[in-house]
There are 2 protein chains.
Amino acid sequence: MALPVELSCKSEYALLALVELSANHANHEPMQIRQIATQQNIPDRYLEQLLATLRRAGLVRSQRGARGGYLLARSPWQITLYDVVSCIEGFDTQGEPRDTPETSEGLVITEVWQEVRQAAEAVLQKYTLQDLLERCHAKQQVDIMYYI
Amino acid sequence: MALPVELSCKSEYALLALVELSANHANHEPMQIRQIATQQNIPDRYLEQLLATLRRAGLVRSQRGARGGYLLARSPWQITLYDVVSCIEGFDTQGEPRDTPETSEGLVITEVWQEVRQAAEAVLQKYTLQDLLERCHAKQQVDIMYYI
DNA sequence: TTATACCCCGGTTCCCCGGTCGGGTTTGCA
DNA sequence: TGCAAACCCGACCGGGGAACCGGGGTATAA
């Protein structure tokens, strides 16, 4: 009965990696796991699993062999945060019937649960990787100005 | 770094119990744990712990001894679902410093995380126990009409 | 052909949720 | 005063998932 709106460390790692790939999207060269991992300070073997999940979900493409690595499958503005989080957290694949509440109290609560979930998802839907990237650049600008 | 918007089974139990207490709020007699547990099909020893948490948070009052039990500390329309979930899930007490992201990417993501959290909390804020109770009654009416 | 880098699968450690149990202490009532 | 009803407290446990680590296999560019 738990509501799957868990923005775990897992999702954050995935987003960090994808932001990194977004920044690298202009030149069409793949980035290696190690590169991303050291850049964003993520355990590389763990990141490998996350990237595999993202690949199976069709968000990134991989290139094997020497000089291989990962590429964004679509452009940064075509990937929403919801796309990322939902595939990592796996909460569009689980259309499980759940334990039916039966009582009217239980039904009412699950209705509210749904509403909470939708509110959370709406926020994730409205941001794309491009948005994150731009907000990063803006923040760095502020840092520079503050430094001067 | 996980975002604490977890509507677990725990919170649902707590809400079910509080709805039960809300329905019983008119006559100022306490309800026993066993009563609530059997009514809402919750393991009683587990419910006991949840009610203790709710009591420490000041949402319910307890009356000890024979003919004792639990009472709502405030009126049903004065208790929001946020009050309940936050105290059960314990996510206003944990103002832990978290691991600071340092990188601008990390900061941007935590900002989005905050926004998601606030969206979810806003939904929980706008409903009170009274609302749940009324929606329950409405649903039961529909059931009766459907039965006829 | 060989180094590189992805791919697959399994195991481990840790923590928390859901749930149970035993043994208190407090209180109402006869 | 004594008993029983009810709350209070802490320990414990099984299961599952998060976060990781390793080993070995496979494709590919140089």
Side-chain angles (χ1 to χ4, degrees), chain A residues 1-17 21 28-38 40-57 59-71 73 85 87-91 93-94 96 98-99, chain B residues 1-17 21 29-38 40-57 60-71 73 85 88-91 93-94 96 99:
Chain A
M1 189 51 56
L3 177 141
V5 185
E6 289 142 46
L7 290 313
S8 56
C9 173
K10 210 169 164 185
S11 295
E12 191 180 358
Y13 284 164
L15 280 180
L16 286 172
L21 288 181
H28 298 277
E29 293 215 338
M31 273 188 92
Q32 291 94 19
I33 292 180
R34 290 293 294 272
Q35 259 181 289
I36 307 174
T38 55
Q40 294 292 343
N41 206 34
I42 304 172
D44 50 356
R45 299 307 296 259
Y46 191 44
L47 178 59
E48 189 184 333
Q49 296 174 23
L50 301 182
L51 284 173
T53 304
L54 294 173
R55 182 179 53 78
R56 280 188 283 269
L59 295 181
V60 300
R61 288 186 302 115
S62 68
Q63 194 162 327
R64 306 180 69 162
R67 307 278 305 155
Y70 281 95
L71 293 144
V85 173
C87 103
I88 286 293
E89 231 68 47
F91 61 75
T93 63
Q94 60 204 42
E96 332 139 16
R98 295 282 187 194
D99 45 345
Chain B
M1 189 50 58
L3 177 141
V5 185
E6 290 144 44
L7 291 311
S8 56
C9 174
K10 212 167 161 183
S11 296
E12 192 180 355
Y13 283 164
L15 280 180
L16 286 172
L21 287 181
E29 293 214 336
M31 272 189 93
Q32 292 91 16
I33 291 181
R34 290 294 294 273
Q35 260 181 289
I36 306 173
T38 55
Q40 293 292 341
N41 206 34
I42 305 172
D44 50 357
R45 300 299 300 260
Y46 191 44
L47 178 60
E48 189 185 331
Q49 296 174 24
L50 300 182
L51 284 172
T53 303
L54 294 173
R55 183 182 51 80
R56 281 188 284 268
V60 300
R61 289 186 301 115
S62 67
Q63 195 163 325
R64 308 180 67 158
R67 308 277 306 158
Y70 280 95
L71 293 144
V85 173
I88 286 294
E89 231 70 47
F91 60 75
T93 64
Q94 59 203 42
E96 331 139 16
D99 44 345

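Below, read A as the first sequence line, B as the second, and so on, with proteins coming before strands; counting in each chain starts at 1. What you see is a predicted model; the values in this text were computed from it and never measured.
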**Asked** Think A/Y13 has a side-chain N or O under 4.0 angstrom from the OP1 or OP2 of D/dC20?
**Response**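 Result: yes.
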How close or far is atom [atom2] of [N] from atom [atom1] of [X], stated in whole angstroms?
X     : N      : atom1 : atom2 : value
B/R56 : D/dC8  : CZ    : C1'   : 9 Å
B/E48 : C/dT25 : CD    : C1'   : 13 Å
A/L71 : C/dA5  : CG    : C1'   : 13 Å
A/R64 : D/dA29 : CZ    : P     : 12 Å
B/R55 : D/dC9  : CZ    : P     : 6 Å
B/L51 : C/dG18 : CG    : C1'   : 16 Å
A/L47 : C/dA5  : CG    : C1'   : 13 Å
A/Y46 : C/dC14 : OH    : P     : 16 Å

**side chain to side chain contact (heavy atoms under 4.5 Å, CB included) between B/L21 and B/L71, worked out** = CA-CA 7 Å; B/L21 287 181; B/L71 293 144; over 6 Å; no
Side-chain contact test, heavy atoms from C-beta onward, threshold under 4.5 Å: evaluate it for [X] versus [Y] and give yes or no.
X     : Y     : result
A/T53 : A/R56 : yes
B/Y70 : B/S62 : yes
A/I88 : A/V85 : no

Identify whether any heavy atom of [X] sits under 4.0 Å from a base atom; if not, whether one sits that close to sugar-phosphate; answer base, sugar-phosphate or nothing.
X     : result
A/R61 : nothing
B/I33 : sugar-phosphate
A/Q49 : base

Taking only the side-chain heavy atoms of [X] (C-beta and beyond), determine which of [options] contains the nearest atom.
X     : options               : result
A/Q32 : D/dC9, C/dA5, D/dA19  : C/dA5
B/R45 : D/dC8, C/dT20, C/dG22 : C/dG22
A/K10 : D/dA29, D/dA19, D/dC7 : D/dA19
A/S62 : D/dA18, C/dC7, D/dC8  : C/dC7

**Message:** side chain to side chain contact (heavy atoms under 4.5 Å, CB included) for B/K10 and B/Y46? Distances and angles first, verdict last.
**Reply:** CA-CA 9 Å; B/K10 212 167 161 183; B/Y46 191 44; 3.6 Å; yes
**Prompt:** If you find the nucleotide of DNA chain D closest to A/G65 and the one closest to B/A66, which residue's nucleotide is nearer the 5' end?
**Reply:**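 In this pair, the answer is B/A66.
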